[in-house]
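What follows is a set of notes on a single structure, which appears directly below.
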Amino acid sequence: MAEEKKSILPKGLRDFYIEAGETTQFAGRFFREILFPPYEFREVIRQSYEIGYKSLPLVGITAFIIGLVLTLQSRPTLVSFGAEAWLPAMVGVSIIREIGPVITALICAGKIGSSIGAELGSMKVTEQIDAMEVSGTNPFKYIVVSRIVSTTLMIPVLVVIGDAISLYGAFLAVKVKGAVSFTLFFHQVFEALNFGDALPSVIKSFFFGFAIGLIGCYKGYHSKKGTEGVGRSANSAVVVSSLLIFIIDLMAVQITEFFGLI
Amino acid sequence: MNKETNHRIRLGIFVTTGIIFLIIALYFIGNNRNMFGSTFKLYSTFQNVNGLQPGNNVRYSGIDVGTVEKIEIINDTSVHVQMVVEEKLKEHIRRNSIASIGTDGLMGNKLVNIDPGTLDAPLIKENDEIPSMRSVNTEEMLRTLELTNQNIAIVSADLKDITRSVQKSHGTLYKVLMDTTLAEGMESTLNNIQSVSKDLSNITGELSSLVNSVKSGKGTVGMLLKDTVLPSNLQVTINNVKLSSQRIADLSVSMTDMIQKINGSKGTVNSLLYDSALVNNLKQSMQNIQAGTDNFNQNMEALKNSFLFRSYFRNLEKEKEKAAKKQK
(Lines give C-alpha, C1' and ligand atoms only; values in the text may rest on other atoms or scores of the structure.)
Protein backbone atom coordinates (compact mmCIF):
# COMPACT_ATOMS: atom_id res chain seq x y z
CA MET A 1 0.00 0.00 0.00
CA ALA A 2 1.50 3.30 -1.05
CA GLU A 3 2.10 5.89 1.64
CA GLU A 4 -0.42 8.68 1.56
CA LYS A 5 1.11 11.89 0.27
CA LYS A 6 1.30 14.51 2.99
CA SER A 7 -0.83 17.59 2.21
CA ILE A 8 0.61 21.09 2.46
CA LEU A 9 -2.76 22.45 3.66
CA PRO A 10 -3.82 22.45 7.35
CA LYS A 11 -6.19 19.64 8.26
CA GLY A 12 -9.17 21.90 8.90
CA LEU A 13 -8.79 23.71 5.60
CA ARG A 14 -8.18 20.43 3.80
CA ASP A 15 -11.32 18.94 5.30
CA PHE A 16 -13.24 22.05 4.29
CA TYR A 17 -12.12 21.77 0.68
CA ILE A 18 -12.86 18.06 0.65
CA GLU A 19 -16.35 18.67 1.95
CA ALA A 20 -16.90 21.54 -0.49
CA GLY A 21 -15.81 19.31 -3.36
CA GLU A 22 -17.99 16.41 -2.22
CA THR A 23 -20.97 18.73 -1.79
CA THR A 24 -20.44 20.02 -5.33
CA GLN A 25 -20.24 16.44 -6.61
CA PHE A 26 -23.39 15.65 -4.63
CA ALA A 27 -25.14 18.65 -6.23
CA GLY A 28 -23.92 17.56 -9.66
CA ARG A 29 -25.29 14.08 -9.08
CA PHE A 30 -28.61 15.64 -8.03
CA PHE A 31 -28.86 17.55 -11.32
CA ARG A 32 -27.93 14.41 -13.28
CA GLU A 33 -30.49 12.29 -11.47
CA ILE A 34 -33.30 14.85 -11.72
CA LEU A 35 -33.03 15.00 -15.52
CA PHE A 36 -33.64 11.35 -16.17
CA PRO A 37 -36.64 9.17 -15.28
CA PRO A 38 -38.01 7.52 -13.32
CA TYR A 39 -39.39 10.50 -11.40
CA GLU A 40 -40.51 9.99 -7.84
CA PHE A 41 -43.52 12.32 -7.88
CA ARG A 42 -45.36 10.60 -5.05
CA GLU A 43 -42.32 10.91 -2.82
CA VAL A 44 -41.87 14.55 -3.82
CA ILE A 45 -45.49 15.28 -2.85
CA ARG A 46 -45.14 13.39 0.40
CA GLN A 47 -41.95 15.24 1.26
CA SER A 48 -43.53 18.56 0.24
CA TYR A 49 -46.32 17.90 2.71
CA GLU A 50 -43.84 17.02 5.45
CA ILE A 51 -41.47 19.86 4.67
CA GLY A 52 -43.85 22.59 3.55
CA TYR A 53 -47.26 22.14 5.08
CA LYS A 54 -46.00 20.89 8.43
CA SER A 55 -43.56 23.78 8.75
CA LEU A 56 -46.30 26.36 8.20
CA PRO A 57 -47.38 26.73 11.86
CA LEU A 58 -43.81 27.35 13.02
CA VAL A 59 -43.06 29.71 10.13
CA GLY A 60 -46.43 31.47 10.54
CA ILE A 61 -46.02 32.13 14.26
CA THR A 62 -42.43 33.27 13.81
CA ALA A 63 -43.33 35.56 10.91
CA PHE A 64 -46.28 37.05 12.80
CA ILE A 65 -44.12 37.81 15.83
CA ILE A 66 -41.30 39.19 13.69
CA GLY A 67 -43.71 41.56 11.88
CA LEU A 68 -45.28 42.69 15.14
CA VAL A 69 -41.99 43.18 16.97
CA LEU A 70 -40.24 44.86 14.07
CA THR A 71 -43.05 47.42 13.83
CA LEU A 72 -43.18 48.07 17.56
CA GLN A 73 -39.41 48.44 17.73
CA SER A 74 -39.14 50.71 14.68
CA ARG A 75 -42.01 52.96 15.63
CA PRO A 76 -40.31 55.05 18.40
CA THR A 77 -37.37 55.89 16.12
CA LEU A 78 -39.64 56.97 13.29
CA VAL A 79 -41.85 58.93 15.71
CA SER A 80 -38.79 60.84 16.96
CA PHE A 81 -38.11 61.86 13.33
CA GLY A 82 -41.78 62.73 12.79
CA ALA A 83 -41.92 60.05 10.09
CA GLU A 84 -44.52 57.73 11.63
CA ALA A 85 -46.43 57.69 8.36
CA TRP A 86 -43.46 55.90 6.79
CA LEU A 87 -43.80 52.95 9.21
CA PRO A 88 -45.87 50.68 6.90
CA ALA A 89 -43.57 51.36 3.97
CA MET A 90 -40.41 50.75 5.99
CA VAL A 91 -41.69 47.59 7.64
CA GLY A 92 -43.12 46.31 4.33
CA VAL A 93 -39.85 46.76 2.46
CA SER A 94 -37.85 45.22 5.33
CA ILE A 95 -40.06 42.16 5.54
CA ILE A 96 -40.48 41.50 1.83
CA ARG A 97 -36.94 42.24 0.81
CA GLU A 98 -34.90 40.69 3.60
CA ILE A 99 -36.39 39.63 6.90
CA GLY A 100 -39.17 37.40 5.55
CA PRO A 101 -37.01 35.18 3.30
CA VAL A 102 -34.02 34.97 5.62
CA ILE A 103 -35.97 34.27 8.82
CA THR A 104 -38.15 31.68 7.07
CA ALA A 105 -35.09 30.02 5.55
CA LEU A 106 -33.29 29.94 8.91
CA ILE A 107 -36.33 28.48 10.65
CA CYS A 108 -36.58 25.85 7.92
CA ALA A 109 -32.85 25.19 8.10
CA GLY A 110 -33.33 24.45 11.78
CA LYS A 111 -36.43 22.36 11.41
CA ILE A 112 -36.11 20.73 8.00
CA GLY A 113 -32.33 20.63 7.66
CA SER A 114 -31.88 18.88 10.97
CA SER A 115 -34.80 16.55 10.25
CA ILE A 116 -33.43 15.54 6.84
CA GLY A 117 -29.89 15.19 8.22
CA ALA A 118 -31.05 13.03 11.09
CA GLU A 119 -33.43 10.95 8.96
CA LEU A 120 -30.91 10.24 6.23
CA GLY A 121 -28.14 9.74 8.80
CA SER A 122 -30.13 7.11 10.66
CA MET A 123 -31.03 5.46 7.31
CA LYS A 124 -27.35 5.42 6.46
CA VAL A 125 -26.15 4.01 9.77
CA THR A 126 -28.90 1.41 9.83
CA GLU A 127 -27.90 0.49 6.24
CA GLN A 128 -31.38 1.14 4.84
CA ILE A 129 -29.82 3.02 1.93
CA ASP A 130 -27.59 0.07 1.13
CA ALA A 131 -30.65 -2.20 1.31
CA MET A 132 -32.46 0.00 -1.19
CA GLU A 133 -29.53 -0.27 -3.60
CA VAL A 134 -29.60 -4.04 -3.23
CA SER A 135 -33.36 -4.12 -3.87
CA GLY A 136 -32.87 -2.23 -7.15
CA THR A 137 -34.28 1.12 -6.07
CA ASN A 138 -32.14 4.17 -6.73
CA PRO A 139 -31.77 5.50 -3.19
CA PHE A 140 -30.35 8.84 -4.37
CA LYS A 141 -33.31 9.49 -6.60
CA TYR A 142 -35.86 8.32 -4.09
CA ILE A 143 -34.39 9.89 -0.93
CA VAL A 144 -32.18 12.79 -1.98
CA VAL A 145 -33.73 14.18 -5.18
CA SER A 146 -37.26 14.15 -3.81
CA ARG A 147 -36.20 15.98 -0.62
CA ILE A 148 -34.10 18.61 -2.39
CA VAL A 149 -36.88 19.23 -4.92
CA SER A 150 -39.40 19.54 -2.10
CA THR A 151 -37.32 21.99 -0.09
CA THR A 152 -36.54 24.00 -3.23
CA LEU A 153 -40.23 24.31 -4.07
CA MET A 154 -41.67 24.63 -0.58
CA ILE A 155 -39.38 27.26 0.94
CA PRO A 156 -40.56 29.97 -1.53
CA VAL A 157 -44.18 29.10 -0.75
CA LEU A 158 -43.42 29.31 2.98
CA VAL A 159 -41.63 32.62 2.40
CA VAL A 160 -44.60 34.15 0.54
CA ILE A 161 -47.12 33.00 3.15
CA GLY A 162 -44.73 34.01 5.94
CA ASP A 163 -44.39 37.49 4.37
CA ALA A 164 -48.17 37.86 4.25
CA ILE A 165 -48.55 36.78 7.90
CA SER A 166 -45.67 39.02 8.92
CA LEU A 167 -47.28 42.02 7.20
CA TYR A 168 -50.53 41.26 8.98
CA GLY A 169 -48.62 41.24 12.29
CA ALA A 170 -47.09 44.59 11.33
CA PHE A 171 -50.55 45.95 10.50
CA LEU A 172 -51.87 44.89 13.92
CA ALA A 173 -48.93 46.63 15.62
CA VAL A 174 -49.58 49.83 13.64
CA LYS A 175 -53.31 49.55 14.31
CA VAL A 176 -52.76 49.20 18.07
CA LYS A 177 -50.74 52.43 18.18
CA GLY A 178 -52.79 54.51 15.80
CA ALA A 179 -55.93 54.64 13.69
CA VAL A 180 -54.74 53.13 10.40
CA SER A 181 -57.12 51.19 8.21
CA PHE A 182 -56.20 47.88 6.56
CA THR A 183 -56.58 49.49 3.14
CA LEU A 184 -54.33 52.42 3.96
CA PHE A 185 -51.66 50.16 5.50
CA PHE A 186 -51.49 47.83 2.51
CA HIS A 187 -51.68 50.71 0.05
CA GLN A 188 -48.68 52.31 1.75
CA VAL A 189 -46.80 48.98 1.78
CA PHE A 190 -47.34 48.28 -1.92
CA GLU A 191 -46.69 51.94 -2.81
CA ALA A 192 -43.19 51.50 -1.36
CA LEU A 193 -42.57 48.12 -3.00
CA ASN A 194 -41.51 47.41 -6.53
CA PHE A 195 -40.60 44.32 -8.53
CA GLY A 196 -36.97 44.79 -7.55
CA ASP A 197 -38.01 44.07 -3.97
CA ALA A 198 -40.45 41.21 -4.47
CA LEU A 199 -38.98 39.11 -7.28
CA PRO A 200 -35.35 38.79 -6.04
CA SER A 201 -36.70 37.85 -2.63
CA VAL A 202 -38.79 35.02 -4.10
CA ILE A 203 -35.99 33.89 -6.41
CA LYS A 204 -33.40 33.75 -3.68
CA SER A 205 -35.75 31.70 -1.51
CA PHE A 206 -35.56 28.92 -4.16
CA PHE A 207 -31.81 28.90 -3.61
CA PHE A 208 -32.33 28.91 0.16
CA GLY A 209 -34.57 25.85 -0.19
CA PHE A 210 -32.09 24.14 -2.49
CA ALA A 211 -29.25 24.82 -0.03
CA ILE A 212 -31.26 23.49 2.95
CA GLY A 213 -32.23 20.31 1.09
CA LEU A 214 -28.79 19.78 -0.42
CA ILE A 215 -26.84 20.23 2.83
CA GLY A 216 -29.37 18.23 4.88
CA CYS A 217 -29.25 15.36 2.38
CA TYR A 218 -25.48 15.51 1.95
CA LYS A 219 -24.84 15.49 5.68
CA GLY A 220 -27.29 12.65 6.27
CA TYR A 221 -26.20 10.67 3.19
CA HIS A 222 -22.56 10.82 4.30
CA SER A 223 -23.21 10.17 7.94
CA LYS A 224 -20.54 8.09 9.73
CA LYS A 225 -19.73 6.65 13.11
CA GLY A 226 -23.11 5.16 14.02
CA THR A 227 -25.71 6.95 16.13
CA GLU A 228 -23.23 9.62 17.15
CA GLY A 229 -22.85 10.46 13.49
CA VAL A 230 -26.61 10.94 13.16
CA GLY A 231 -26.62 13.73 15.73
CA ARG A 232 -23.52 15.25 14.19
CA SER A 233 -25.12 15.12 10.74
CA ALA A 234 -28.27 16.84 12.00
CA ASN A 235 -26.23 19.49 13.78
CA SER A 236 -23.83 20.22 10.96
CA ALA A 237 -26.73 20.26 8.47
CA VAL A 238 -28.30 23.14 10.42
CA VAL A 239 -25.04 25.01 10.89
CA VAL A 240 -23.81 24.72 7.31
CA SER A 241 -27.19 25.39 5.69
CA SER A 242 -27.71 28.46 7.92
CA LEU A 243 -24.28 29.74 6.94
CA LEU A 244 -25.00 28.99 3.31
CA ILE A 245 -28.28 30.93 3.55
CA PHE A 246 -26.39 34.06 4.60
CA ILE A 247 -23.80 33.56 1.87
CA ILE A 248 -26.54 33.15 -0.76
CA ASP A 249 -28.28 36.23 0.66
CA LEU A 250 -25.07 38.24 0.32
CA MET A 251 -24.64 37.07 -3.26
CA ALA A 252 -28.30 37.82 -4.02
CA VAL A 253 -27.86 41.40 -2.78
CA GLN A 254 -24.79 41.84 -4.96
CA ILE A 255 -26.54 40.44 -8.02
CA THR A 256 -29.66 42.54 -7.40
CA GLU A 257 -27.52 45.65 -7.04
CA PHE A 258 -25.60 44.73 -10.19
CA PHE A 259 -28.83 44.61 -12.16
CA GLY A 260 -29.96 47.92 -10.61
CA LEU A 261 -32.97 46.48 -8.84
CA ILE A 262 -32.20 48.06 -5.44
CA MET B 1 -60.71 9.63 1.83
CA ASN B 2 -57.38 8.03 2.71
CA LYS B 3 -54.53 9.75 4.54
CA GLU B 4 -52.45 10.36 1.44
CA THR B 5 -55.27 12.13 -0.39
CA ASN B 6 -55.94 14.23 2.66
CA HIS B 7 -52.27 15.25 2.75
CA ARG B 8 -52.34 16.08 -0.93
CA ILE B 9 -55.38 18.32 -0.49
CA ARG B 10 -53.74 20.16 2.37
CA LEU B 11 -50.55 20.53 0.37
CA GLY B 12 -52.56 21.80 -2.59
CA ILE B 13 -54.29 24.41 -0.44
CA PHE B 14 -50.95 25.42 1.05
CA VAL B 15 -49.21 25.83 -2.31
CA THR B 16 -52.21 27.57 -3.91
CA THR B 17 -52.39 30.02 -1.00
CA GLY B 18 -48.72 30.83 -1.41
CA ILE B 19 -49.06 31.32 -5.17
CA ILE B 20 -52.19 33.48 -4.72
CA PHE B 21 -50.37 35.68 -2.21
CA LEU B 22 -47.46 36.03 -4.62
CA ILE B 23 -49.74 36.88 -7.54
CA ILE B 24 -51.69 39.43 -5.46
CA ALA B 25 -48.45 41.05 -4.32
CA LEU B 26 -47.10 41.21 -7.86
CA TYR B 27 -50.42 42.54 -9.13
CA PHE B 28 -50.51 45.36 -6.57
CA ILE B 29 -46.90 46.26 -7.26
CA GLY B 30 -47.55 46.21 -11.01
CA ASN B 31 -50.74 48.19 -10.56
CA ASN B 32 -48.86 50.87 -8.67
CA ARG B 33 -46.41 50.99 -11.56
CA ASN B 34 -49.29 51.26 -14.09
CA MET B 35 -48.37 47.97 -15.74
CA PHE B 36 -51.99 46.86 -15.93
CA GLY B 37 -54.83 48.90 -17.39
CA SER B 38 -54.66 51.30 -20.30
CA THR B 39 -52.17 54.13 -20.19
CA PHE B 40 -50.77 56.76 -22.50
CA LYS B 41 -47.40 58.46 -22.85
CA LEU B 42 -46.76 62.05 -21.98
CA TYR B 43 -43.57 64.08 -22.27
CA SER B 44 -42.07 67.11 -20.60
CA THR B 45 -38.67 68.77 -20.77
CA PHE B 46 -36.96 70.10 -17.66
CA GLN B 47 -33.83 72.10 -17.07
CA ASN B 48 -33.02 70.07 -13.94
CA VAL B 49 -34.81 66.93 -12.71
CA ASN B 50 -33.29 67.08 -9.20
CA GLY B 51 -32.68 63.32 -8.91
CA LEU B 52 -35.90 62.10 -10.53
CA GLN B 53 -35.65 58.42 -11.50
CA PRO B 54 -37.64 56.05 -13.70
CA GLY B 55 -40.41 54.54 -11.58
CA ASN B 56 -41.08 57.72 -9.59
CA ASN B 57 -44.70 58.75 -9.32
CA VAL B 58 -46.57 61.25 -11.50
CA ARG B 59 -49.23 63.22 -9.66
CA TYR B 60 -52.11 65.22 -11.06
CA SER B 61 -53.69 67.58 -8.51
CA GLY B 62 -52.12 65.51 -5.73
CA ILE B 63 -53.37 62.11 -6.99
CA ASP B 64 -51.00 59.39 -8.21
CA VAL B 65 -51.90 58.91 -11.86
CA GLY B 66 -48.77 57.45 -13.40
CA THR B 67 -45.05 56.85 -13.30
CA VAL B 68 -41.90 58.18 -14.88
CA GLU B 69 -40.78 55.72 -17.57
CA LYS B 70 -37.67 57.19 -19.12
CA ILE B 71 -35.33 60.12 -18.53
CA GLU B 72 -33.03 61.29 -21.34
CA ILE B 73 -30.57 64.12 -21.57
CA ILE B 74 -31.13 66.12 -24.77
CA ASN B 75 -28.46 68.75 -24.22
CA ASP B 76 -26.72 70.56 -21.35
CA THR B 77 -29.86 72.48 -20.41
CA SER B 78 -32.67 70.06 -21.31
CA VAL B 79 -33.71 66.74 -19.79
CA HIS B 80 -36.53 64.91 -21.54
CA VAL B 81 -38.87 62.97 -19.22
CA GLN B 82 -41.23 60.30 -20.55
CA MET B 83 -44.23 59.57 -18.31
CA VAL B 84 -46.89 56.86 -18.41
CA VAL B 85 -50.24 58.20 -17.27
CA GLU B 86 -53.63 56.52 -16.82
CA GLU B 87 -55.84 56.69 -19.91
CA LYS B 88 -58.76 58.27 -18.02
CA LEU B 89 -56.62 61.35 -17.34
CA LYS B 90 -56.89 62.29 -21.03
CA GLU B 91 -60.19 63.93 -20.11
CA HIS B 92 -58.54 66.20 -17.54
CA ILE B 93 -54.99 67.09 -18.53
CA ARG B 94 -54.82 70.07 -20.88
CA ARG B 95 -52.09 71.30 -23.19
CA ASN B 96 -51.22 74.16 -20.84
CA SER B 97 -51.00 71.93 -17.74
CA ILE B 98 -47.63 72.49 -16.11
CA ALA B 99 -45.28 69.73 -14.94
CA SER B 100 -42.88 70.37 -12.09
CA ILE B 101 -40.46 68.26 -10.05
CA GLY B 102 -41.55 67.86 -6.43
CA THR B 103 -40.79 65.75 -3.40
CA ASP B 104 -43.07 63.29 -1.62
CA GLY B 105 -43.00 64.83 1.85
CA LEU B 106 -39.90 66.43 3.32
CA MET B 107 -37.55 63.50 2.77
CA GLY B 108 -39.48 61.35 0.30
CA ASN B 109 -38.89 60.35 -3.30
CA LYS B 110 -38.91 62.80 -6.15
CA LEU B 111 -42.04 62.96 -8.28
CA VAL B 112 -43.57 64.87 -11.18
CA ASN B 113 -46.47 67.14 -10.24
CA ILE B 114 -48.87 68.08 -13.03
CA ASP B 115 -50.95 71.17 -12.27
CA PRO B 116 -54.29 71.47 -14.11
CA GLY B 117 -54.37 73.84 -17.05
CA THR B 118 -57.10 76.30 -18.00
CA LEU B 119 -60.38 75.28 -19.58
CA ASP B 120 -59.75 77.22 -22.79
CA ALA B 121 -56.78 75.00 -23.72
CA PRO B 122 -57.37 71.77 -25.70
CA LEU B 123 -57.15 68.36 -24.01
CA ILE B 124 -53.93 66.38 -24.12
CA LYS B 125 -53.36 63.57 -26.63
CA GLU B 126 -51.05 60.55 -26.82
CA ASN B 127 -47.33 61.53 -26.98
CA ASP B 128 -48.04 65.22 -26.35
CA GLU B 129 -45.57 67.39 -24.51
CA ILE B 130 -46.62 69.67 -21.68
CA PRO B 131 -44.67 72.72 -20.47
CA SER B 132 -42.56 72.43 -17.36
CA MET B 133 -41.85 74.75 -14.50
CA ARG B 134 -38.52 75.10 -12.76
CA SER B 135 -38.89 73.75 -9.24
CA VAL B 136 -37.34 75.33 -6.17
CA ASN B 137 -34.00 73.76 -5.50
CA THR B 138 -33.46 73.04 -1.80
CA GLU B 139 -29.78 73.92 -2.02
CA GLU B 140 -30.54 77.25 -3.70
CA MET B 141 -33.17 77.92 -1.07
CA LEU B 142 -30.71 77.17 1.71
CA ARG B 143 -28.07 79.39 0.12
CA THR B 144 -30.58 82.28 -0.03
CA LEU B 145 -31.59 81.59 3.56
CA GLU B 146 -27.96 81.68 4.61
CA LEU B 147 -27.52 85.08 2.96
CA THR B 148 -30.73 86.30 4.59
CA ASN B 149 -29.50 85.08 7.97
CA GLN B 150 -26.25 86.94 7.53
CA ASN B 151 -28.16 90.13 6.67
CA ILE B 152 -30.43 89.65 9.68
CA ALA B 153 -27.36 89.24 11.89
CA ILE B 154 -25.90 92.52 10.56
CA VAL B 155 -29.21 94.35 10.98
CA SER B 156 -29.65 93.04 14.52
CA ALA B 157 -26.10 94.13 15.41
CA ASP B 158 -26.83 97.62 14.02
CA LEU B 159 -30.09 97.76 15.96
CA LYS B 160 -28.21 96.78 19.09
CA ASP B 161 -25.76 99.67 18.57
CA ILE B 162 -28.60 102.09 17.88
CA THR B 163 -30.55 101.14 21.01
CA ARG B 164 -27.40 101.35 23.10
CA SER B 165 -26.53 104.83 21.76
CA VAL B 166 -30.14 105.96 22.26
CA GLN B 167 -30.01 104.78 25.85
CA LYS B 168 -26.68 106.48 26.51
CA SER B 169 -27.39 109.79 24.77
CA HIS B 170 -30.74 110.55 26.51
CA GLY B 171 -31.62 112.51 23.37
CA THR B 172 -34.96 113.20 21.72
CA LEU B 173 -35.64 109.59 20.76
CA TYR B 174 -34.89 108.46 24.30
CA LYS B 175 -37.30 111.10 25.63
CA VAL B 176 -39.94 110.06 23.14
CA LEU B 177 -39.60 106.47 24.30
CA MET B 178 -39.11 106.97 28.04
CA ASP B 179 -40.66 110.37 29.06
CA THR B 180 -44.13 109.85 30.51
CA THR B 181 -45.07 113.57 30.41
CA LEU B 182 -44.35 113.56 26.71
CA ALA B 183 -46.82 110.77 26.34
CA GLU B 184 -49.44 112.81 28.18
CA GLY B 185 -48.65 115.80 25.91
CA MET B 186 -48.95 113.55 22.93
CA GLU B 187 -52.29 112.33 24.22
CA SER B 188 -53.63 115.88 24.62
CA THR B 189 -52.26 116.76 21.16
CA LEU B 190 -54.04 113.81 19.75
CA ASN B 191 -57.22 114.91 21.49
CA ASN B 192 -56.81 118.36 19.96
CA ILE B 193 -56.20 116.83 16.57
CA GLN B 194 -59.31 114.78 17.10
CA SER B 195 -61.41 117.87 17.89
CA VAL B 196 -59.87 119.74 14.95
CA SER B 197 -60.65 116.88 12.69
CA LYS B 198 -64.22 116.90 14.02
CA ASP B 199 -64.47 120.62 13.21
CA LEU B 200 -62.97 120.00 9.83
CA SER B 201 -65.52 117.32 9.30
CA ASN B 202 -68.30 119.77 10.13
CA ILE B 203 -66.79 122.38 7.81
CA THR B 204 -66.51 119.94 4.99
CA GLY B 205 -70.13 118.95 5.64
CA GLU B 206 -71.21 122.56 5.39
CA LEU B 207 -69.06 123.08 2.33
CA SER B 208 -70.68 120.06 0.83
CA SER B 209 -74.17 121.42 1.49
CA LEU B 210 -73.05 124.79 0.11
CA VAL B 211 -71.75 123.19 -3.02
CA ASN B 212 -74.99 121.27 -3.32
CA SER B 213 -77.05 124.46 -3.00
CA VAL B 214 -74.80 126.18 -5.55
CA LYS B 215 -75.26 123.19 -7.82
CA SER B 216 -78.99 123.41 -7.39
CA GLY B 217 -78.84 127.10 -8.42
CA LYS B 218 -79.55 128.69 -5.06
CA GLY B 219 -77.93 132.07 -4.15
CA THR B 220 -76.00 134.52 -6.27
CA VAL B 221 -73.21 132.12 -7.14
CA GLY B 222 -75.73 129.41 -7.90
CA MET B 223 -77.70 131.78 -10.08
CA LEU B 224 -74.47 132.79 -11.82
CA LEU B 225 -73.70 129.18 -12.50
CA LYS B 226 -77.19 127.94 -13.27
CA ASP B 227 -79.21 130.92 -14.74
CA THR B 228 -79.28 130.68 -18.54
CA VAL B 229 -80.72 134.19 -19.07
CA LEU B 230 -78.02 135.90 -17.06
CA PRO B 231 -75.20 135.23 -19.49
CA SER B 232 -77.16 136.86 -22.32
CA ASN B 233 -77.94 139.85 -20.05
CA LEU B 234 -74.31 139.99 -19.06
CA GLN B 235 -73.38 139.95 -22.71
CA VAL B 236 -75.73 142.85 -23.39
CA THR B 237 -74.34 144.70 -20.37
CA ILE B 238 -70.81 144.10 -21.49
CA ASN B 239 -71.74 145.33 -24.94
CA ASN B 240 -73.28 148.45 -23.38
CA VAL B 241 -70.19 148.95 -21.23
CA LYS B 242 -68.11 148.59 -24.36
CA LEU B 243 -70.24 151.16 -26.14
CA SER B 244 -70.14 153.52 -23.17
CA SER B 245 -66.40 153.21 -22.88
CA GLN B 246 -66.18 153.93 -26.61
CA ARG B 247 -68.28 157.01 -26.15
CA ILE B 248 -66.26 158.08 -23.10
CA ALA B 249 -63.16 157.65 -25.22
CA ASP B 250 -64.70 159.85 -27.93
CA LEU B 251 -65.76 162.34 -25.25
CA SER B 252 -62.30 162.43 -23.79
CA VAL B 253 -60.91 163.06 -27.28
CA SER B 254 -63.47 165.91 -27.74
CA MET B 255 -62.64 167.22 -24.27
CA THR B 256 -58.93 167.12 -25.05
CA ASP B 257 -59.58 168.95 -28.26
CA MET B 258 -61.77 171.52 -26.47
CA ILE B 259 -59.19 172.01 -23.71
CA GLN B 260 -56.52 172.50 -26.34
CA LYS B 261 -58.72 175.05 -28.06
CA ILE B 262 -59.44 176.80 -24.76
CA ASN B 263 -55.73 176.86 -23.99
CA GLY B 264 -54.86 178.00 -27.47
CA SER B 265 -57.50 180.80 -27.78
CA LYS B 266 -57.83 184.16 -25.90
CA GLY B 267 -61.58 183.73 -25.37
CA THR B 268 -63.75 184.14 -22.30
CA VAL B 269 -63.19 180.66 -20.89
CA ASN B 270 -59.41 181.00 -21.27
CA SER B 271 -59.61 184.38 -19.50
CA LEU B 272 -61.80 182.88 -16.78
CA LEU B 273 -59.23 180.13 -16.24
CA TYR B 274 -55.97 181.95 -16.61
CA ASP B 275 -56.62 185.82 -16.30
CA SER B 276 -56.20 186.69 -12.60
CA ALA B 277 -57.36 190.34 -13.12
CA LEU B 278 -60.61 189.14 -14.63
CA VAL B 279 -61.02 186.79 -11.75
CA ASN B 280 -60.49 189.65 -9.28
CA ASN B 281 -63.01 191.82 -11.17
CA LEU B 282 -65.47 188.96 -11.14
CA LYS B 283 -64.97 188.47 -7.42
CA GLN B 284 -65.56 192.21 -6.87
CA SER B 285 -68.65 192.07 -9.05
CA MET B 286 -69.94 189.09 -7.08
CA GLN B 287 -69.37 190.96 -3.83
CA ASN B 288 -71.26 193.94 -5.24
CA ILE B 289 -74.11 191.68 -6.28
CA GLN B 290 -74.14 190.11 -2.79
CA ALA B 291 -74.36 193.59 -1.25
CA GLY B 292 -77.10 194.54 -3.76
CA THR B 293 -79.15 191.44 -2.96
CA ASP B 294 -78.79 192.10 0.78
CA ASN B 295 -80.13 195.59 0.29
CA PHE B 296 -82.92 194.23 -1.93
CA ASN B 297 -83.87 191.75 0.82
CA GLN B 298 -84.08 194.55 3.31
CA ASN B 299 -86.32 196.52 0.91
CA MET B 300 -88.51 193.45 0.45
CA GLU B 301 -88.88 192.96 4.21
CA ALA B 302 -89.80 196.63 4.47
CA LEU B 303 -92.33 196.14 1.67
CA LYS B 304 -93.91 193.14 3.53
CA ASN B 305 -94.39 195.25 6.59
CA SER B 306 -95.89 198.21 4.69
CA PHE B 307 -99.70 198.43 4.92
CA LEU B 308 -100.01 198.58 1.14
CA PHE B 309 -98.66 195.09 0.47
CA ARG B 310 -99.24 193.35 3.87
CA SER B 311 -102.57 191.76 2.89
CA TYR B 312 -101.11 190.34 -0.31
CA PHE B 313 -98.37 188.48 1.55
CA ARG B 314 -100.82 187.15 4.16
CA ASN B 315 -103.09 185.75 1.43
CA LEU B 316 -100.05 184.09 -0.11
CA GLU B 317 -99.12 182.28 3.18
CA LYS B 318 -102.72 181.12 3.69
CA GLU B 319 -102.79 179.49 0.25
CA LYS B 320 -99.52 177.74 1.04
CA GLU B 321 -100.94 176.29 4.30
CA LYS B 322 -104.05 175.07 2.45
CA ALA B 323 -101.93 173.32 -0.16
CA ALA B 324 -99.88 171.63 2.61
CA LYS B 325 -103.04 170.38 4.39
CA LYS B 326 -104.39 168.97 1.13
CA GLN B 327 -101.17 167.06 0.59
CA LYS B 328 -101.43 165.40 4.07
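Lettering follows sequence order; numbering is per chain, from 1. Note that the structure is predicted; figures quoted are calculated from it, not measured.
- Within a 6.0 Å sphere centred on CD of B:E129, heavy atoms belonging to other residues, nucleotides or ligands number more than 12.
- Under the salt bridge (charged side-chain N to carboxylate O under 4.0 Å, His left out) criterion, A:E98 pairs with A:K204, sequence neighbours left out.
- In this structure, chain B has heavy atoms under 4.5 Å from both the backbone and the side chain of A:L158.
- For B:N31, no part lies under 4.5 angstrom from a heavy atom of chain A.
- Interface with chain A: from residues 12-21 of chain B, residues B:F14, B:V15, B:T17, B:G18, B:F21 qualify, criterion being any non-hydrogen pair under 4.5 Å.
- Heavy atoms of other residues, nucleotides or ligands lying less than 6.0 angstrom from CZ of A:F207 number 12 at most.
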Expected list for residues 68-75 of chain A: side-chain donor-acceptor pairs under 3.5 angstrom, two or more places apart:
residue: A:T71; atom: OG1; partner: A:G67; partner atom: O; Å: 2.7
residue: A:S74; atom: OG; partner: A:L70; partner atom: O; Å: 2.6
residue: A:R75; atom: NE; partner: A:E84; partner atom: OE2; Å: 3.0
residue: A:R75; atom: NH2; partner: A:E84; partner atom: OE2; Å: 2.6

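- Annotation: the span from B:H7 atom NE2 to A:K54 atom NZ amounts to 6.0 Å, rounded to 0.5 Å.
- Annotation for B:F28: atom CZ does not count as buried by contact number, only 12 or fewer foreign heavy atoms lying within 6.0 Å.
- Within a 6.0 Å sphere centred on CZ of A:F186, other residues, nucleotides and ligands contribute more than 12 heavy atoms.
- Of residues 41-53 of chain A, those residues with a non-hydrogen atom less than 4.5 Å from any non-hydrogen atom of chain B are, in numerical order, A:R42, A:I45, A:S48, A:Y49, A:G52, A:Y53.
- Taking a 6.0 Å sphere around CD1 of B:I73, one finds it holds 12 or fewer heavy atoms contributed by other residues, nucleotides or ligands.
- The structure places CG of A:D163 at 9.5 Å from CG of B:L22, a figure rounded to the nearest 0.5 Å.
- Atoms CG and CD1, from A:N194 and B:I29 in turn, are 7.0 Å apart once rounded to the nearest 0.5 Å.
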